[in-house]
There are 2 protein chains.
Amino acid sequence: MRKLPAKLASQLYGAAELIAERGLDATKIEDIAEATGIPKATIYYHLDGKNAVLEFLLSDLLDMIAGAVGVAVSTAEDARTRLVAAVVAQLEVMLEHPYLCRALVGDLGRATRLPELALALRAAFYEPIEQLLNDGVADGSLRPVADPAAVAMSVFGAITVAGLSAAVDGPSDDPNADAARLSAAICELLLNGLATDRAGETPNLRAT
Amino acid sequence: MRKLPAKLASQLYGAAELIAERGLDATKIEDIAEATGIPKATIYYHLDGKNAVLEFLLSDLLDMIAGAVGVAVSTAEDARTRLVAAVVAQLEVMLEHPYLCRALVGDLGRATRLPELALALRAAFYEPIEQLLNDGVADGSLRPVADPAAVAMSVFGAITVAGLSAAVDGPSDDPNADAARLSAAICELLLNGLATDRAGETPNLRAT
DNA sequence: TCACATGTTGTACTGCCAGTACAAACTAGC
DNA sequence: GCTAGTTTGTACTGGCAGTACAACATGTGA
């Protein structure tokens with residue numbers, strides 16, 4: 001598949017707000033052509049149909065998140081500080097692109113196959129966070145966890161749903177302030193937990 | 001909008017696996033008719049089109065989650081124990097309906113309008129959890145948090161993404177064992193946090 | 001038991017739109 | 001100057017969501 005010319009690539013973002021608002025199904029190719037300024041025949045020349053617009057936008061968003069999180073977890077700070085930075089990094093990317101996030105969450109199955117998305121998230125987020133958890137045990141800033149994979153997914157979920165809620169509320173006047181506020185709450189939760197008393201074991205309800 | 005007859009309602013679940021696999025767009029009404037055993041004209045008599053199938057399924061899933069979480073947070077136990085029960089409850093509902101969860105996450109924008117989903121989640125999950133957080137401060141089992149709304153969303157996100165990951169992996173031989181394993185990891189994270197040292201304040205990076 | 005209302009469903013049909021084909025003109029590279 | 005790739009307007013096809021309608025079945029109330 002040929003690489004999309006940079007000009008067209010940036011123009012495709014013009015479709016994000018439209019798709020966020022209407023959903024892909026209710027958005028005609030003609031509408032996308034008008035919103036992006038790319039004629040319909042040109043879209044079909046470069047992309048494999050309407051779904052490919054979202055495929056491209058998802059791929060770009062994941063690259064941005066992977067890049068930002070990659071930078072955040074690669075500093076010389078201790079693991080705890082880097083975890084905080086990773087939370088901030090993902091939230092900032094999401095809140096800088098609220099329409100893009102909304103468009104994708106509404107039609108995720110048309111942007112990718114979900115098992116492929118799981119693989120992409122593994123590479124972009126879960127593995128770096130699992131590595132960070134290991135680093136934290138090594139440098140003493142984080143506690144060991146029994147199931148790092150489940151923890152990494154939950155960290156991603158905590159960030160994503162909070163970020164999406166902000167994105168659904170509509171673009172903010174100050175995305176960076178929102179990212180700071182949300183990340184403070186999320187980091188407080190993820191680092192310190194909610195329990196007043198750190199009992200040795202979590203009660204295990206409903207083991208059946 | 002008339003209430004769907006119970007027989008038809010239960011038959012509609014037959015479409016969940018199909019839609020989970022192909023996506024709604026690639027699933028014809030004829031396919032849904034065949035998978036559910038409901039003739040096409042009958043579907044159109046009772047529902048307002050293809051999207052209404054997912055609307056119905058989403059509504060049902062949210063009711064199940066709201067019901068299960070509602071029961072979990074209403075026992076006489078302390079708030080911490082009830083929070084654990086709520087995590088288990090949501091995961092169990094999700095893992096008992098993996099195809100339904102996958103179908104909905106792939107075509108969420110066709111099942112509902114996202115602002116409406118936000119309102120439904122507020123009622124079904126966020127408010128009960130925020131109330132629980134308040135109860136926990138009162139009974140001393142949970143620490144106060146500065147932003148209960150953000151915490152409730154993050155709790156939901158942590159559970160949902162972990163549950164979806166399990167759902168995407170395909171139905172398990174033992175959904176209750178998966179729910180127990182995941183909920184142990186999630187509760188450990190949410191209650192005890194990852195930090196070794198509960199510093200007074202979370203470092204506030206990137207305040208710009 | 002009858003009349004009426006509602007539910008069920010097969011089938012034919014319409015309109016819309018994704019996507020294709022093709023041709024013409026432009027641009028890039030050698 | 002030639003060739004290949006890019007850009008794009010326009011006409012077109014096929015598939016399918018959704019509608020209309022008619023016929024039959026079931027339920028309800030008097």
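Within every chain, numbering begins at 1; the chains are lettered A, B, ... in the order of the sequence lines, protein sequences first and strands thereafter.
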Report summary line: B:L47 atom CG is separated from D:dT19 atom P, nearest whole Å, by 12 Å
Query raised in the report: Over how many whole Å does the gap from B:K50 atom NZ to D:dG15 atom P extend?
Result: 15 Å
Query raised in the report: Would you say the side-chain atoms of A:S183 and A:Q90 include a donor-acceptor pair closer than 3.5 Å?
Result: no
Query - B:R122/B:E127 salt bridge by N-O under 4.0 Å criterion - result: yes
Report summary line: Of A:D25 and A:A41, the one whose nearest nucleotide on DNA chain C sits closer to the 5' end is A:D25
Query - Interatomic distance where CG belongs to A:D31 and P belongs to C:dC16 [whole Å] - result: 14 Å
Query raised in the report: Using 4.0 Å as the upper bound for N to carboxylate O, is an ion pair formed by B:E34 and B:K28?
Result: no
**Report entry** OP1 or OP2 of D:dT7 under 4.0 Å from side-chain N/O of A:Y45
**Finding:** no
**Report entry** Whole angstrom value for the distance that separates P of D:dG5 from CG of A:L8
**Finding:** 18 Å
Requested in this report: Flag the pair A:K50 and A:E55 as a salt bridge only when some basic side-chain nitrogen lies within less than 4.0 angstrom of an acidic carboxylate oxygen.
Outcome: no
Query raised in the report: What's the OH-C1' distance between A:Y44 and D:dT6, to the nearest Å?
Result: 18 Å
Query raised in the report: Taking atom P of C:dC13 as reference, at what distance in whole Å does atom CD1 of B:I29 sit?
Result: 21 Å
Query raised in the report: So does B:R110 pair up with A:D107, basic N to acidic O under 4.0 Å?
Result: no
Report task. Among C:dA18, C:dT9, C:dT8, find the nucleotide with the atom closest to the side chain of B:P39. Result -> C:dT9
Report summary line: Among D:dT7, C:dG10, D:dC16, the one nearest any side-chain atom of A:P5 is D:dT7
Query raised in the report: When the distance from CD1 of B:I43 to P of D:dA20 is rounded to whole Å, what number comes out?
Result: 18 Å
Report summary line: Of B:T42 and A:L24, the one whose nearest nucleotide on DNA chain C sits closer to the 5' end is B:T42
Query raised in the report: Rounded to whole angstroms, how far apart are NZ on B:K28 and P on D:dG15?
Result: 9 Å
**Report entry** Shortest side-chain distance from A:K40, nucleotide among C:dG19, C:dT9, C:dT8
**Finding:** C:dG19
